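This report concerns only the one structure given below.
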Amino acid sequence: MTRSPHSSQTLPVEFVTSALKLSEFPPADLPEVAVVGRSNVGKSALLNRLFNRKKLVRVSRTPGCTRRINFFQVKERWWFVDLPGYGFAKVNRQEHRGWEQAIGDYLDHRRNLRAVLLLMDLRRGITDIDREMILFLEERGIPLLPVATKIDKLKPNARRQGIVQINKQLKPLAQFALMPVAATSSLKGDGIPELWKRIREVLGRGVGEGSETESPQEPSLETTHPE
Ligand code: GDP
């Protein structure tokens with residue numbers, strides 16, 4: 001396990017299983033967050049960055065796993081769930097239905113789910129397929145934590161405008177959104193401690209959690225702020 005020079009601690013996280021249907025899901029016994037977004041939005045990079053692990057997500061990506069629901073556990077504390085990326089240009093109708101079914105099963109049945117992190121590439125903003133996902137979550141009253149990715153790809157002004165725009169568009173769409181959007185760069189580490197803080201708030205104090213000093217990447221992580 002690697003230890004980032006910026007982090008106070010690396011969490012004991014591990015890939016547990018990948019599932020396609022309800023009967024394959026692990027027990028809903030710990031507070032949980034899920035991460036979702038278009039393919040290529042930077043989901044793997046963000047998960048790896050959150051846990052200071054270069055290959056945490058790739059490791060689980062044996063063929064077929066990208067279309068599955070991948071469950072990671074922070075030991076006896078939290079579940080982190082990597083939902084299959086959506087928006088493949090070449091996906092056929094049947095595959096799309098399979099995706100919808102798996103995500104629907106997941107969202108309908110995980111009683112321990114505290115929030116879904118919806119990742120959006122800041123350069124693209126909210127796309128139509130993101131709106132579909134937002135609707136899915138709204139219908140079920142599931143809190144949505146919006147996350148803008150790859151903010152390093154924009155200059156400060158464009159970055160600020162993009163973030164303002166996403167916040168503005170989300171308001172009328174997502175009653176259950178935990179605003180404002182979290183602005184992140186997995187490449188540079190921008191916004192990661194702030195995102196961790198919000199994830200921890202959402203997860204609450206998990207089973208067996210000790211003092212605040214156990215927190216990963218905060219407060220000792222140095223960051224470059226969007227400004
Ligand atoms: P996924 O399909 O959503 O899991 O996306 P990946 O994490 O594999 O990232 C897709 C591409 O975006 C890769 O080429 C990454 O290197 C790149 N990428 C991901 N996050 C960032 C970021 O914060 N900044 C920049 N510049 N590139 C990123």
Side-chain angles (χ1 to χ4, degrees), residues 2 4 6-7 13-15 18-20 33-72 80-91 95-96 98-100 102-103 106 115-134 136-137 144-163 166 181-196 198-199 216-217 221-227:
T2 53
S4 149
H6 299 307
S7 107
V13 62
E14 57 179 26
F15 170 67
S18 104
L20 257 186
V33 288
V35 186
V36 75
R38 291 176 66 92
S39 53
N40 219 37
V41 72
K43 186 154 56 73
S44 316
L46 186 76
L47 282 165
N48 287 339
R49 173 59 98 155
L50 282 171
F51 292 109
N52 283 328
R53 295 274 296 274
K54 285 202 169 80
K55 294 180 184 170
L56 177 72
V57 176
R58 204 163 1 125
V59 164
S60 67
R61 295 229 158 151
T62 46
C65 275
T66 47
R67 317 297 283 146
R68 289 171 160 261
I69 299 176
N70 292 315
F71 291 83
F72 297 85
F80 272 70
V81 179
D82 180 10
L83 295 173
Y86 48 77
F88 278 109
K90 286 190 181 143
V91 79
E95 252 186 296
H96 184 74
W99 173 84
E100 242 179 280
I103 302 254
Y106 173 80
V116 172
L117 276 64
L118 174 64
L119 274 45
M120 291 163 283
D121 186 326
L122 187 57
R123 294 166 304 171
R124 284 172 171 262
I126 306 175
T127 64
D128 286 348
I129 194 140
D130 294 325
R131 283 172 206 274
E132 246 183 76
M133 188 68 218
I134 292 167
F136 248 64
L137 297 172
L144 148 75
L145 206 173
V147 179
T149 61
K150 308 190 193 182
I151 65 167
D152 60 279
K153 293 216 180 206
L154 289 176
K155 297 215 168 85
N157 256 345
R159 203 181 280 186
R160 268 192 293 270
Q161 279 170 16
I163 290 164
I166 293 185
V181 66
T184 65
S185 162
S186 302
L187 187 71
K188 309 268 186 183
D190 296 348
I192 301 298
E194 293 83 355
L195 178 58
W196 254 123
R198 296 183 65 189
I199 293 172
Q217 302 210 343
L221 180 68
E222 294 163 20
T223 56
T224 330
H225 290 281
E227 298 72 42

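Heads up: numbering here begins at 1 and tracks the sequence. Everything quoted here is computed from the prediction, not taken from an experiment. Ligands are counted one by one from 1 in listed order, and the atoms in each one are counted from 1 as well.
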Asn40 to ligand 1, any heavy atom closer than 4.0 Å: yes
Ligand 1 contacted by Gly85 (non-hydrogen, < 4.0 Å): no
May I ask you to list the atoms of ligand 1 that are less than 4.0 angstrom from any heavy atom of [X]?
{"X": "Ser185", "answer": "23 (O)"}
{"X": "Ala45", "answer": "7 (O), 19 (C), 20 (N)"}
{"X": "Leu187", "answer": "22 (C), 23 (O), 24 (N), 26 (N)"}

Backbone of Val57 reached by a side-chain donor or acceptor of Asn48 within 3.5 Å: yes
Side-chain (Arg49) to main-chain (Leu187) donor-acceptor, under 3.5 angstrom: yes
Salt bridge (charged side-chain N to carboxylate O under 4.0 Å, His left out) assessment of Arg123 paired with Asp121: CA-CA 5 Å; Arg123 294 166 304 171; Asp121 186 326; 2.8 Å; yes
Shortest non-hydrogen contact between Val41 and Lys150, atoms and distance: O-CE, 3.4 Å
Asp82 vs Lys43, salt bridge (charged side-chain N to carboxylate O under 4.0 Å, His left out): CA-CA, chis, key distance, verdict: CA-CA 8 Å; Asp82 180 10; Lys43 186 154 56 73; 2.3 Å; yes
Close N or O approach (Lys43, ligand 1; < 3.5 Å): yes
Nitrogen or oxygen atoms of Ser39 and ligand 1 under 3.5 Å apart: no
Side chains of Asp152 and Ser185, donor plus acceptor under 3.5 Å: yes
Proximity of Asp152 to ligand 1 by residue part, where a heavy atom lies under 4.0 Å: side chain
Proximity of Lys188 to ligand 1 by residue part, where a heavy atom lies under 4.0 Å: neither
Near-ring test Phe80/Phe71, centroid separation under 6.0 angstrom: no
